[in-house]
Amino acid sequence: IDEVLVRPDRLLVCAAIRREVDGAPRPDDVYSVGSVLRVVKMLKFPDDSYRLLVQGVARVRITEFVAEDPFLRARVAAMEDTGELDSVEVEALTRNLSSQFGNLVAESSRLSDELQVLVANLDDPSKLADLVASNLELDVASKQQVLEQSDVPDRLRLVLGHLTKEGQALEIETEIKEKVQTEMGKTQREYMLRQQLEAIRRELGESEDGEEGVERLRDRIEQSGMPEEASKQAARELDRLAQTPPAAAEHSVIRTYLEWMSELPWSESSEDRLDVAEARRILDEDHYGLEKVKDRIVEYIAVLSLKRDLKGPILCFVGPPGTGKTSLGRSIARALDRKFARISLGGVRDEAEVRGHRRTYVGAMPGRVIQSLKKAGTCNPVMLLDEVDKVGSDGRGDPSSALLEVLDPEQNHEFSDHYLEVPFDLSQVLFIATANMIDPVHAALRDRMEVIELPGYTLEEKVEIAKRFLLPRQIEQNGIGGIDFDMPEDTLSTLIERYTREAGVRNLEREIGGVCRKVARRLAEGSESGPVSISPDDLFDLLGPVKFEPELAEEDQRPGVAVGLAWTPAGGDILFVESTRMPGHGELKLTGSLGDVMRESVEAARSWLRSHADQFGLRPEVDFDQRDLHVHVPSGAVPKDGPSAGLA
């Protein structure tokens, strides 16, 4: 450059290099066709770099390199334009090129509008081709191809081809840009509307920022400790939620599902109290008697202290109402220091109550098992399945069959709820079922449970229960705790024998409550003050006539009366079978609400007697054919059946 600047013509040959080179290019690295430039102006910068303003003079061909040091020197020959410049073809090509380039300038924001005027006033086809080519976005090889083309018509065709491609590219680019702008405008409009909607919700106190809400759910899901399969399912639904507009109906369904997933106690468990002596003390404190049940629970706690990963047993307490089955479940939870969850199955007919609904249904929700776990907040509560013998079935499925998976220790570590659609581990839950009778329970379900009978309480046990639990509770509930109130054991025994007949203690507590209310009334009226002690004789005045009079065999020794023993839910009773004979035609009358087994017993006794008539001095044609027999069992309103009573 320094040498060029000292020359009067200030001419310089500029040629492109064929490839990238390290250091100074050699002759083989340079294209053979280039341009002669005149240096119009030169600026030198502090970092020793140059900036030149140059003007193209002519295209030239390098004929020979004469020096390589200190820079390349070569002999060049000017290239003249060839071809018929005055032909009709050149004229048509020139017009076409000028017109298309004008359109390109008009549509492109990259090209200056002054180029339209410049092209319109340019008559030389060669210069037009060079001007258009210099303003197209071509690579070096394409530009070199145009530069080397000395035939003007061919050069015009070459440039026109590149111009057509450029126009098509610009058209596609414009179309894409318009689509993007349309989408951006639509997105921006939706964004503005959502912002306004959120502002309205915020004013109404209903705000749940979309992105923030999704992120909050994501954090809660990560902190819930759910297993890998459940985590993947939650992540998929979370992605769907992020892409679903808040106004869509699906949005609230997905959100509710994710809230359920994040709130379930996947890995949250309570620490068990494994002190056997303390557990026994708590069980004795809450319940009197029931030794078999207490021993079983203490055994479970003892084994759990030795083997921490023990699966919970499935216990089933079977007994009459009022024997303390449900309250025993609460005591077990307190003894283990676990959460307590209760599910009432009485009258349940829909399988979805146990397994949950599919999410495709409107108002779908998980089954009662999963709901109870969420309320309990731990994955190892004591779960009481109350009244398992009263589960029904209809066209909506059989809940008993659904309970099989819940109560099977081999299956319940992967319990599948229809709503969650992922398995949940129930193996750490201590299930306790209760039933009044075991017969109505599904045979397969009964097979999965360890049945423990609670037959009822004896008189002595009821007296102790009344002294320890029922009487103090009724004194407190009826507001007579402020006086010295006493109900001796003989009074309690009389109350139990004469005013209640049951296996449990519910009616006993009601009768004790009735006595307490009468005393409370006397206190309120002022007719009673000071210490109050209730004797057996006082019960008639307080509760009225006795309801059950014990019948003793010694009191009635008349012929025709046989004494039997009958099993009842109240623990059993003495039964009198009365019979009489009268003239007739050999008929047998049976009264007293007898069941089929007892009717068969009467027929069998009559047949046996007739077949052994000789031993008793009987005449069948007289004693059986001319006499009617009437067999009656008192308490006619009470259904009676069973082989033990049939023996009498």
Side-chain angles (χ1 to χ4, degrees), residues 1-83 85 94 97 101 105 110-156 158-159 162-163 166:
I1 289 171
D2 291 337
E3 189 168 322
V4 167
L5 291 177
V6 298
R7 291 175 55 175
D9 56 9
R10 288 189 167 190
L11 293 180
L12 175 68
V13 175
C14 182
I17 57 173
R18 298 177 186 274
R19 65 192 72 84
E20 289 188 17
V21 295
D22 294 329
R26 298 180 58 78
D28 292 343
D29 299 326
V30 181
Y31 280 108
S32 60
V33 175
S35 304
V36 173
L37 309 176
R38 178 179 288 113
V39 180
V40 179
K41 192 175 182 181
M42 191 268 301
L43 295 172
K44 187 174 182 181
F45 288 86
D47 60 354
D48 289 338
S49 64
Y50 292 84
R51 185 164 297 178
L52 304 180
L53 179 63
V54 298
Q55 181 182 10
V57 177
R59 50 168 48 82
V60 294
R61 184 180 298 279
I62 299 172
T63 57
E64 180 187 6
F65 283 95
V66 296
E68 292 186 33
D69 193 50
F71 50 84
L72 290 176
R73 286 175 177 271
R75 287 189 177 89
V76 297
M79 294 174 64
E80 298 295 333
D81 291 334
T82 59
L85 301 182
T94 303
L97 186 65
F101 187 68
V105 172
R110 181 178 58 83
L111 300 174
S112 171
D113 292 340
E114 295 173 359
L115 286 171
Q116 279 184 301
V117 181
L118 189 59
V119 168
N121 295 326
L122 197 60
D123 297 330
D124 188 341
S126 175
K127 290 183 178 179
L128 176 65
D130 292 342
L131 176 65
V132 172
S134 67
N135 284 286
L136 296 180
E137 291 189 358
L138 305 178
D139 56 15
V140 174
S142 299
K143 288 187 177 182
Q144 186 69 31
Q145 191 181 7
V146 175
L147 186 68
E148 291 178 1
Q149 186 58 259
S150 59
D151 186 80
V152 174
D154 287 345
R155 196 192 310 158
L156 285 168
L158 191 62
V159 174
H162 288 306
L163 179 62
E166 181 91 7

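Position 1 is the first residue of the sequence, and the numbers go up from there. This structure is a prediction, so every number in the text was calculated from the model and none was measured. Values below: every heavy atom of this structure, side chains too, minus hydrogens, waters and symmetry copies.
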>> Please check: side-chain N/O of Asp29 versus main-chain N/O of Pro25, any donor-acceptor pairing under 3.5 Å?
In response: no
> Could you go step by step and tell me if Val76 and Thr63 meet the side chain to side chain contact (heavy atoms under 4.5 Å, CB included) rule?
Replying inline: CA-CA 5 Å; Val76 297; Thr63 57; 5.8 Å; no
> Does a side-chain heavy-atom distance below 4.5 Å link Val33 with Ile62?
Replying inline: no
> How far does CG of Asp139 sit from CD of Gln144, to the nearest 0.5 angstrom?
Replying inline: 11.0 Å
>> Going by the rule side chain to side chain donor-acceptor pair (under 3.5 Å), which residues pair with Arg18 if we only count those two or more places apart in sequence or in a different chain?
In response: none
>> Show the nearest heavy-atom pair for residues Val60 and Ala78, with the distance to one decimal.
In response: CG1-CA, 3.9 Å
Quiz: residues 34-52 side-chain donor-acceptor pairs under 3.5 angstrom, not counting sequence neighbours:
from  : atom 1 : to    : atom 2 : distance (Å)
Asp47 : OD1    : Ser49 : N      : 3.3
Asp47 : OD1    : Ser49 : OG     : 2.7

> Checking side chain to side chain contact (heavy atoms under 4.5 Å, CB included) for the pair Thr94/Leu156: CA distance, chi angles, key distance, verdict?
Replying inline: CA-CA 7 Å; Thr94 303; Leu156 285 168; 3.9 Å; yes
>> Asp151: which residues meet the salt bridge (charged side-chain N to carboxylate O under 4.0 Å, His left out) condition with it, sequence neighbours left out?
In response: none
>> Quick one, Leu97 and Val132 - any side-chain contact, counting heavy atoms below 4.5 Å?
In response: yes
> So, do Phe101 and Gln116 sit near enough that their side-chain heavy atoms are less than 4.5 Å apart?
Replying inline: no
> Would you say the side-chain atoms of Asp154 pair up with the backbone N or O of Ser150, donor to acceptor, closer than 3.5 Å?
Replying inline: no
>> Taking the side chain as everything from C-beta on, heavy atoms only, tell me whether Val146 gets closer than 4.5 Å to Lys143.
In response: no
>> With side chain to side chain contact (heavy atoms under 4.5 Å, CB included) as the criterion, how do Arg75 and Val66 come out once you've worked through the C-alpha distance, each side chain's angles and the decisive distance to 0.1 Å?
In response: CA-CA 7 Å; Arg75 287 189 177 89; Val66 296; 3.2 Å; yes
>> Could you check whether Gln149 and Gln145, counting side-chain N and O atoms only, form a donor-acceptor pair closer than 3.5 Å?
In response: no
>> For the CG atom of Leu115 and the CG atom of Leu122, what is their distance to the nearest 0.5 Å?
In response: 11.0 Å
> Considering residues at least two apart in sequence or located in another chain, which fulfil the side chain to side chain donor-acceptor pair (under 3.5 Å) criterion with Arg59?
Replying inline: Asp130
>> To the nearest 0.5 Å, what is the distance between OG on Ser126 and CG on Leu85?
In response: 7.5 Å
> From Leu118 CG over to Asn135 CG, what is the distance, rounded to the nearest 0.5 angstrom?
Replying inline: 8.5 Å
> With a 4.0 Å cut-off, would you call Arg73 and Glu64 a salt bridge?
Replying inline: no
>> Please determine whether a side-chain nitrogen of the Lys or Arg among Glu137 and Arg110 lies less than 4.0 Å from a carboxylate oxygen of the Asp or Glu.
In response: yes
>> Suppose we screen for side-chain contact (heavy atoms from CB on, under 4.5 Å). Which residues come up paired with Val140, at least two apart in sequence or across chains?
In response: Ala16
With a cut-off of 3.5 Å and sequence neighbours excluded, list every side-chain donor-acceptor pair involving residues 4-12.
from : atom 1 : to    : atom 2 : distance (Å)
Arg7 : NH2    : Asp9  : OD2    : 3.2
Asp9 : OD1    : Leu11 : N      : 3.4

> In Å, rounded to the nearest 0.5 Å, how long is the span from OG of Ser32 to CZ of Phe65?
Replying inline: 8.5 Å
